Protein chains: 2
Amino acid sequence: MEKLPPKTVERLSQYRRVLSKYEDDENSYIFSHDLARLLKINPVQVRRDLMLIGFSGNYRSGYRVQELIMLINKTLKTPKSQNSVIIGVGRLGKAIIHHIYPSNVCPVTLKAAFDIDPAKINKEYNGVFCYDVSKIPEIVKENNVKIAILTISDEDIQPIVDALIDSGVKGIINYVAGPLKIPKDIYFKEYDIRTTLEEMAYFIE
Amino acid sequence: MEKLPPKTVERLSQYRRVLSKYEDDENSYIFSHDLARLLKINPVQVRRDLMLIGFSGNYRSGYRVQELIMLINKTLKTPKSQNSVIIGVGRLGKAIIHHIYPSNVCPVTLKAAFDIDPAKINKEYNGVFCYDVSKIPEIVKENNVKIAILTISDEDIQPIVDALIDSGVKGIINYVAGPLKIPKDIYFKEYDIRTTLEEMAYFIE
DNA sequence: TTATTTTTGTTAATCAATTAACAAATTAAT
DNA sequence: ATTAATTTGTTAATTGATTAACAAAAATAA
């Protein structure tokens with residue numbers, strides 16, 4: 001099946017998250033303009049996104065929330081379908097562990113954490129066990145992990161990245177800027193808050 | 001002067017950050033394709049971005065690093081020109097404080113932190129003082145703060161957001177998804193790692 | 001001197017994302 | 001019944017971002 005545009009996928013994930021708060025009522029409906037307002041986007045965009053996944057609404061009452069969530073679940077792979085690991089259990093690493101795991105909303109499972117600091121290794125953080133980075137190949141292969149989250153900025157992170165990729169990781173999210181050698185076929189995203197801050201500083205007034 | 005495209009601003013911030021590691025040598029130069037490789041983008045994009053800010057390179061040796069950093073500084077406002085605050089000093093809040101402050105690279109100054117937890121108030125975190133949220137109007141106005149970073153997902157965050165905006169904040173970065181009422185003229189960005197994870201899970205094979 | 005190579009600078013073309021426009025469906029009101 | 005109001009579904013238009021294409025500049029090699 002044809003892949004959806006990346007931006008649409010991003011919004012589908014956001015629709016699902018905000019809608020899950022509205023799901024209490026079995027029979028609740030939502031209009032495109034209401035869903036749009038929750039995400040601060042244009043209602044046409046909502047309708048277009050839903051059109052792309054083949055979801056139909058009702059001319060009078062809008063879109064059925066429960067059905068929409070179910071279709072988004074199906075479209076963005078079924079829940080718990082992808083496994084991930086996190087590198088680094090410092091402040092940021094721990095924050096992310098607590099934010100995404102255990103969560104009934106996020107369908108990506110965090111299978112393990114890794115660190116280089118002996119003080120952090122062989123402990124559990126909110127249910128996620130932390131191993132020495134040397135265990136990456138073993139654990140990653142064993143659990144069929146495809147996504148890695150990087151939260152440490154050590155100079156020597158490149159060997160860790162290489163080990164992850166060698167072991168089958170296909171997507172990397174890096175929260176600490178820094179040039180990394182990453183093959184072209186790896187899905188890579190970098191988020192550094194400083195970039196966002198500087199962009200914002202430029203545009204406000 | 002005409003505003004630059006948002007994506008160009010984002011990349012300028014990234015160019016500056018990676019180049020600052022190359023600045024040691026007073027007279028170092030870099031080619032567009034080398035800078036491009038560091039950011040995993042197309043060299044044409046680098047040249048186009050630099051063209052937009054009116055920076056010229058040398059046909060033989062590329063772009064002068066030091067001069068380029070200076071021009072980016074000038075383009076993205078001068079260093080230390082914008083003030084920010086952070087809401088919440090939990091795990092994520094502390095991680096961000098340590099990541100951006102004090103930093104000679106990020107030109108946005110973190111002026112204060114706020115929390116609702118009495119155990120966290122009136123303490124200093126890596127040099128940033130934490131106040132009770134009731135102090136928002138006073139501190140924000142006093143320091144001419146224009147940017148706020150949200151790291152708490154409390155149900156009652158809307159009044160905090162309203163206080164920030166009333167006190168003059170023009171840009172908000174939200175790290176915890178959740179519908180917020182934000183006026184149209186506020187520059188707003190939301191980053192929830194779960195969205196990124198789900199998008200990635202969809203695209204990798 | 002005359003090619004050859006390399007890299008910038010810029011326009012044009014392409015691709016992606018958003019928004020506008022409006023027909024079709026449905027209900028409610030007159 | 002007819003009109004008005006509302007909202008979806010879809011195509012077309014627009015806007016924004018990226019990439020391709022290539023001339024101009026400068027140095028090097030033949």
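Proteins get letters first, then strands, A, B, ... in listed order; numbering begins at 1 in each. None of these values were measured; they are calculated from a predicted model.
Looking at heavy-atom distances under 4.0 Å, A/Ser56 makes contact with sugar-phosphate atoms alone, never a base.
In this structure, A/Lys77 does not pair ionically with B/Glu198, as no charged nitrogen and carboxylate oxygen lie closer than 4.0 Å. By the 4.0 Å N-to-carboxylate-O rule, B/Arg37 lies close enough to B/Asp34 to be salt-bridged with it. A salt bridge is absent between B/Lys111 and B/Glu142: the closest approach of a Lys/Arg side-chain nitrogen to an acidic carboxylate oxygen does not fall below 4.0 angstrom.
Along DNA chain C, the nucleotide nearest to B/Arg60 and the one nearest to A/Ile41 differ in position, and the one closer to the 5' end is contacted by B/Arg60. When each of B/His33 and B/Met51 is assigned the nucleotide of DNA chain C with its nearest heavy atom, B/His33 is the one assigned upstream, toward the 5' end. Mapped onto DNA chain D by nearest heavy atom, A/Arg48 and A/Tyr59 fall at different nucleotides, with A/Tyr59 at the one closer to the 5' end.
Per the geometry, CZ belonging to A/Arg47 stands 15 Å off P belonging to C/dA23, to the nearest Å. Nucleotide C/dT19 holds its C1' atom 13 Å from the CG atom of A/Asp49, rounded to whole Å. Remark: P of C/dT27 and OH of A/Tyr29 are 11 Å apart, rounded to the nearest angstrom. Between B/Gln45 atom CD and D/dG16 atom P the separation is 16 Å, expressed in whole Å. Following rounding to the nearest Å, B/Leu35 (CG) and C/dT7 (P) show an atom-to-atom distance of 14 Å. Atoms NZ (A/Lys3) and P (C/dA16) sit 16 Å apart, rounded to a whole Å. With rounding to whole Å, A/Lys40 atom NZ is found 16 Å from C/dT18 atom P. Rounded to whole Å, the distance from CG on A/Asn58 to C1' on D/dT6 is 12 Å.
By the 6.0 Å contact criterion, NZ on B/Lys40 is enclosed, its count of non-hydrogen atoms from other residues, nucleotides or ligands being greater than 12.
Taking the six-membered ring for Trp, A/Tyr63 and A/Tyr29 have ring centres at least 6.0 Å apart.
Here the side chain of B/Val44 is nearest to one of C/dT10, C/dA21, C/dT8, namely C/dT10.
Dashed line: the shortest gap from a side-chain N or O of A/Ser32 to OP1 or OP2 of D/dT7 is not under 4.0 Å. Distances shown here put every side-chain N or O of B/Arg64 at or beyond 4.0 Å from the OP1 or OP2 atom of C/dT8.
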